[in-house]
2 protein chains.
Amino acid sequence: MSSEDSGADHRRSIELLWGRAETGRRGPKPRLSVTEVVAAGVKLADEEGVAAISMRRVAEAVGLSPMALYTYAPSKIELIDLMLDAIWGEMQAPGPELAHWRDRMEFFAKQHWALGRRHPWMLQVGTHRPPLGPNVLAMANTAFGMLDGLGLSGVEIDQLMHLVADYVRGALRTALEADDVERITGITDEQWWQMHEPLLGDLIDRGDFPHLVRVGAEVKTAYRGQNVQLAHFEFGLQRVLDGVEAYIAKRATSGDR
Amino acid sequence: MSSEDSGADHRRSIELLWGRAETGRRGPKPRLSVTEVVAAGVKLADEEGVAAISMRRVAEAVGLSPMALYTYAPSKIELIDLMLDAIWGEMQAPGPELAHWRDRMEFFAKQHWALGRRHPWMLQVGTHRPPLGPNVLAMANTAFGMLDGLGLSGVEIDQLMHLVADYVRGALRTALEADDVERITGITDEQWWQMHEPLLGDLIDRGDFPHLVRVGAEVKTAYRGQNVQLAHFEFGLQRVLDGVEAYIAKRATSGDR
DNA sequence: AGGGAAGTCCGTACGCCGTACGAAGAGCTT
DNA sequence: AAGCTCTTCGTACGGCGTACGGACTTCCCT
């Protein structure tokens, strides 16, 4: 059952993503378009978080009954696929003024970061499968294109792009976690530290975690009120790009192909 | 309500994590220990995936009623915190034979990778807050200690460790996604490509995504049956470490403090 | 020794969730 | 006009986290 069903589902999802669903002629006109439903889902998720992505809530947002949603997307998973492809469409390609590959990659990574910060739910919706919508493919295409003309093989380009994308995703996840501590528990950073003072004080005194204590203290005083997450990301990104640069340089000297 | 409640919950969670819950003397002896419950949760999650982590399922696994679980952990979130701290305890610290920081960091990153591959649910359980259990703190402590003695400030150590950890988490996430395509849909890679042949063929012919097509073709032939995820990770990790190395080198020459 | 406090365990129930199913009605095709 | 197809919706099922209160066990204090 599973293989056949999910196959059919998936095919339908692809049709939806690419707008290939034949405009059924017989029945009543749909009240909405798939695009409208998807946009409402994105809006809801942006405003209320990943937990708000439910068929009932989205249906309510667009003024449909829960079950009527299923004529627009065959399942919640497919709806999320559509939402993901929609937001990936917000990525901008690096312009021609960015001639150097490193500038292009930095631009792209920062676009990715901004996307994840705008739509944090994209990191939480559970990894089902690559949606393979038009926007995702276009994004992947420009990504792979950014390393063209440097004498790298397709495999190398694949690996380097994955490297950068993986780093951005990891950093986004860390940033999201830090946000959630405050958002979910309703506890600010300071309250939190105060709450754990007794325990942490004990540990500090016992000297169990010397490195942690040292680094923690320095970090705490250094970051007063700054956007720690962003600073971490921008620092890390430069290091990653340094690594990429070293590889490309070595690759250029060591052999052409 | 939320602030007070979650505060109390959190405090209790910390007590559980550190085994500080006073051994209540009055009531009947608990049938199980918290450790046993947590271990059962981890086993269940490992074997059946993140969806199997439910109070009812864990209770069933240990032979308790669902509500009895709440005497061991005050909520599902806290239970997961305990599970997370438990598995972080599997991380091994780099031995003294790894004298160079790069060897230590590589070792540590690979431990992290292995941990994520053993317990993929740790990437999916939703980021609530850092658990701050003893194992997590110990892990963080050894992590920060690995860059000691190189003349780096605490802030720099923090940034560099975050960089590596973020990359590993991103790569794990990517690997997980790739696994899930097959695990959830029950469709192998080949079947999948066959299914989308018509659409993809169209796109190739139309020339919309030239870079994607080129890279995809090379990758497809190059990776025949290999562990693509692992290869990606190991390649990416070396590039990241190259970036870290470049930074440390530059830092050593440019100024002591 | 006995009463009460504290703690474990469990059954029931509430409000969420995704979605299977089938009925009702709308609008095009013939 | 008839019939097919498609949209819309109400109901219902099995799952979830967990609030609540009762039954019972064990120990402390008097």
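Below, read A as the first sequence line, B as the second, and so on, with proteins coming before strands; counting in each chain starts at 1. Note: hydrogens, waters and symmetry copies are ignored here, and every other heavy atom, side chains too, is used.
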If I take atom CD in residue Glu60(A) and atom P in nucleotide dG18(C), what distance separates them, rounded to the nearest angstrom?
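Roughly 13 Å, once rounded to whole Å.
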Side chain to side chain contact (heavy atoms under 4.5 Å, CB included) evaluation trace for Leu115(A) with Glu90(A)
CA-CA 8 Å; Leu115(A) 186 70; Glu90(A) 297 172 12; 3.5 Å; yes
Output the single nucleotide from dC17(C), dC16(D), dC20(D) whose closest atom is nearest the side chain of Arg57(A).
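It is dC17(C).
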Out of dG27(C), dG18(C), dT11(D), which nucleotide sits closest to the side chain of Met67(A)?
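Shortest atom-to-atom distance from the side chain points to dT11(D).
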Full working for side chain to side chain contact (heavy atoms under 4.5 Å, CB included) between Asp179(B) and Arg117(B):
CA-CA 10 Å; Asp179(B) 288 353; Arg117(B) 298 302 276 164; 3.2 Å; yes
Do Tyr72(A) side-chain atoms and Leu32(A) backbone N/O form a donor-acceptor pair below 3.5 Å?
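It does hold such a pair.
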Which of these nucleotides, dT8(D), dT19(C), dG17(D), is closest to any side-chain atom of Ser54(B)?
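Comparing dT8(D), dT19(C), dG17(D) against the side chain of Ser54(B), the answer is dG17(D).
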Would you please confirm or rule out a distance under 4.0 Å between OP1 or OP2 of dC9(D) and any side-chain N or O of Ser65(A)?
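Result: yes.
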Please walk me through it: do Leu123(A) and Arg173(B) pass side chain to side chain contact (heavy atoms under 4.5 Å, CB included)?
CA-CA 10 Å; Leu123(A) 301 162; Arg173(B) 187 91 180 179; 5.6 Å; no
Residue mapping more 5' on DNA chain C - nearest nucleotide basis, Arg56(A) or Arg56(B)
Arg56(B)
Go through dC27(D), dC9(D), dC9(C) for me and flag the one nearest to the Ala68(A) side chain.
dC9(D)
Take the protein atom CG of Leu69(A) and the nucleotide atom C1' of dC17(C), then report the distance between them rounded to whole Å.
14 Å
Using a heavy-atom cut-off of 4.0 Å across all strands, would you classify Ile53(B) as base, sugar-phosphate, or nothing?
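Counting heavy atoms under 4.0 Å across all strands, the contact made by Ile53(B) is with sugar-phosphate only.
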How close or far is atom C1' of dC16(D) from atom CG of Leu79(B), stated in whole angstroms?
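Result: 15 Å.
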OH of Tyr72(B) versus P of dG17(D): gap in Å, rounded?
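My rounded result for the distance is 18 Å.
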Is the distance from OP1 or OP2 of dC21(C) to the nearest side-chain N or O of Tyr70(A) less than 4.0 Å?
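So the side-chain polar atoms of Tyr70(A) never come under 4.0 Å of the phosphate oxygens OP1 or OP2 of dC21(C).
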Considering heavy-atom distances to DNA chain D, does Lys76(B) or Pro28(B) have its closest nucleotide positioned more toward the 5' end?
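Its nearest nucleotide being more 5', the pick is Lys76(B).
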Are OP1 or OP2 of dC9(D) and a side-chain N or O of Arg31(A) less than 4.0 angstrom apart?
yes
I need the Leu212(A) CG to Leu137(B) CG distance, nearest 0.5 Å.
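Taking CG in Leu212(A) and CG in Leu137(B), the distance rounds to 6.0 Å.
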Minimum-distance nucleotide (side-chain atoms of Arg26(B) versus dA6(C), dC9(D), dC9(C)):
dA6(C)
Can you tell me how far P of dG18(C) sits from CG of Leu64(A), to the nearest Å?
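After rounding, the reported distance stands at 15 Å.
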